[in-house]
2 protein chains.
Amino acid sequence: MQIIAGKWKSVIIYHLMAGTQRFNDLQKQMPDCSRRMLALQLHELQVDGVIQKKVYPVIPVKTEYSLTDFGQTLRPVITAMETWGNLYNQRATHQAAVD
Amino acid sequence: MQIIAGKWKSVIIYHLMAGTQRFNDLQKQMPDCSRRMLALQLHELQVDGVIQKKVYPVIPVKTEYSLTDFGQTLRPVITAMETWGNLYNQRATHQAAVD
DNA sequence: CCGTATCCCATGAGATACTG
DNA sequence: CAGTATCTCATGGGATACGG
């Protein structure tokens, strides 16, 4: 599952599951991920065919990211993670591991 | 999900889902993971409360690793990954991403 | 058998400044 | 707005050798 292994990839996919997002939308939802890292991981996800990027040639530029059909197949994996996270997020034990 | 984020952690958990394993058992099942890396990731999983280690004070030493109750709660996540992997492992496209 | 210690290089990732 | 470029330091991870 190298496809998800990147530190932020699963989070990006999670946010894109809610629908198309712009670069800044994603950044606001992941304040701990630097602009540089976000760009790098988005690029990798794109190369792996998980997400697609649409660029509108207006000024200033506008881009939109969304899941490809292939990326959509990852939904069950991400939702399994989310379900697990919801169960254990509020607990004191293992808090460091859950993050 | 830093708990699974380590390069080999999900694979270790996957193998331990089949039951208790010795260090060498795990190593044989993960030839691409060095002994050093295996030891490091096992230790982290132990610290995070995902797995437990039992050492038998015989010579030569014998150790056994198994999932804790907490570790067992990760089953749905790992099986979701496995299901996804089974679907896409054999396909030509995205092969690099699946790995 | 099951690790740890050390050395060393490759990659990761923040900060900052710049561009179409 | 949505990135790139560069510099720099931190971390990851292989190889090898050693230890209980």
Side-chain angles (χ1 to χ4, degrees), chain A residues 1-13 15-16 18-68 71 96-97 99, chain B residues 1-13 15-16 18-68 71 96-97 99:
Chain A
M1 293 292 287
Q2 293 306 91
I3 225 171
I4 282 186
K7 203 169 181 176
W8 298 103
K9 287 183 188 172
S10 54
V11 186
I12 293 172
I13 297 170
H15 288 305
L16 290 183
T20 299
Q21 307 272 346
R22 301 188 54 178
F23 190 88
N24 266 4
D25 295 337
L26 291 169
Q27 224 189 320
K28 281 171 200 158
Q29 294 172 90
M30 301 184 267
D32 293 344
C33 179
S34 67
R35 192 171 52 211
R36 174 193 142 95
M37 281 314 299
L38 182 54
L40 284 175
Q41 306 252 312
L42 282 170
H43 184 73
E44 283 183 39
L45 285 169
Q46 199 189 338
V47 168
D48 285 346
V50 175
I51 68 174
Q52 56 201 330
K53 175 184 182 176
K54 184 165 186 179
V55 181
Y56 297 87
V58 296
I59 296 181
V61 187
K62 169 180 169 182
T63 63
E64 284 182 348
Y65 292 92
S66 57
L67 292 179
T68 59
D99 272 346
Chain B
M1 294 292 287
Q2 292 305 88
I3 224 171
I4 282 186
K7 203 169 181 178
W8 298 103
K9 286 183 188 172
S10 54
V11 185
I12 293 172
I13 297 170
H15 288 305
L16 290 183
T20 299
Q21 306 271 347
R22 301 188 54 180
F23 189 88
N24 265 4
D25 295 337
L26 290 169
Q27 223 187 321
K28 282 171 200 160
Q29 293 171 91
M30 301 183 266
D32 293 345
C33 180
S34 68
R35 190 170 55 209
R36 175 191 142 96
M37 280 315 297
L38 182 54
L40 284 175
Q41 305 251 311
L42 282 170
H43 183 73
E44 283 184 39
L45 285 169
Q46 199 188 338
V47 169
D48 286 346
V50 175
I51 68 174
Q52 55 201 334
K53 174 184 181 177
K54 184 164 188 181
V55 181
Y56 297 88
V58 295
I59 296 180
V61 188
K62 169 180 169 181
T63 62
E64 284 182 348
Y65 292 93
S66 57
L67 293 179
T68 60
D99 274 346

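Naming: A, B, ... by sequence-line order, numbering from 1 per chain.
Residues satisfying the side-chain hydrogen bond (donor to acceptor under 3.5 Å, both in side chains) test with B:Q41, not counting sequence neighbours, are none. Residues satisfying the side-chain contact (heavy atoms from CB on, under 4.5 Å) test with A:K7, not counting sequence neighbours, are B:Q2.
We find the CD-CG distance between A:Q52 and A:L45 to be 12.5 Å, quoted to the nearest 0.5 Å. Considering CE of B:M37 and CH2 of B:W8, their distance stands at 9.0 Å, rounded to 0.5 Å.
Proximity of B:L26 to B:V11: side-chain heavy atoms (C-beta onward) are nowhere separated by under 4.5 Å. With contacts defined as side-chain heavy-atom distances shorter than 4.5 Å, the pair B:K62/B:F23 does not qualify. Here the side chains of A:L42 and A:K53 are not in contact, with every heavy-atom distance at 4.5 Å or above.
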List the protein contact pattern of nucleotides 15-20 of chain D with one symbol per nucleotide (5' to 3'): B for base contact, S for sugar-phosphate-only contact, - for none; contact means a heavy-atom distance under 4.0 Å. B-B--B
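Within the structure, side chain to side chain donor-acceptor pair (under 3.5 Å) contacts touching residues 27-38 of chain A (residues at least two apart or in different chains) are A:H15-A:Q29, A:Q21-A:Q29.
Scanning residues 21-28 of chain A for heavy-atom distances under 4.0 Å to DNA chain D yields A:R22, A:F23, A:N24.
Among the heavy atoms of the strands, none lies under 4.0 Å from A:Y56.
A salt bridge between A:K9 and A:E44 is present, with a side-chain N of the basic residue lying under 4.0 Å from a carboxylate O of the acidic one.
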Chi angles and distances behind the side-chain contact (heavy atoms from CB on, under 4.5 Å) call for A:L38, A:I12: CA-CA 9 Å; A:L38 182 54; A:I12 293 172; 3.8 Å; yes
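For A:K54 and D:dA2, the NZ to P distance is 15 Å, given to the nearest whole Å. Here D:dG3 presents its C1' atom at 10 Å from CG of A:L38, a figure rounded to the nearest Å. The distance from atom CE of A:M37 to atom P of D:dA2 is 19 Å, rounded to the nearest whole Å.
Across all their heavy atoms, B:G49 and B:T68 have their closest contact at O-OG1, 2.6 Å. Minimum heavy-atom separation, B:S66 to B:T20: CB-OG1, 3.6 Å.
For B:Q46 and B:Y65, the side-chain atoms include no donor-acceptor pair closer than 3.5 Å.
Residue A:T63 has no polar side-chain atom (N or O) positioned under 4.0 Å from OP1 or OP2 of D:dC1.
Nucleotides of DNA chain C that come within less than 4.0 Å of any heavy atom of chain B span, from the 5' end to the 3' end, C:dC1 to C:dT6.
In the helix from C:dC1-D:dG20 to C:dG20-D:dC1, the rotation axis of the first five pairs and that of the last five pairs differ in direction by 50°, rounded to 10 degrees.
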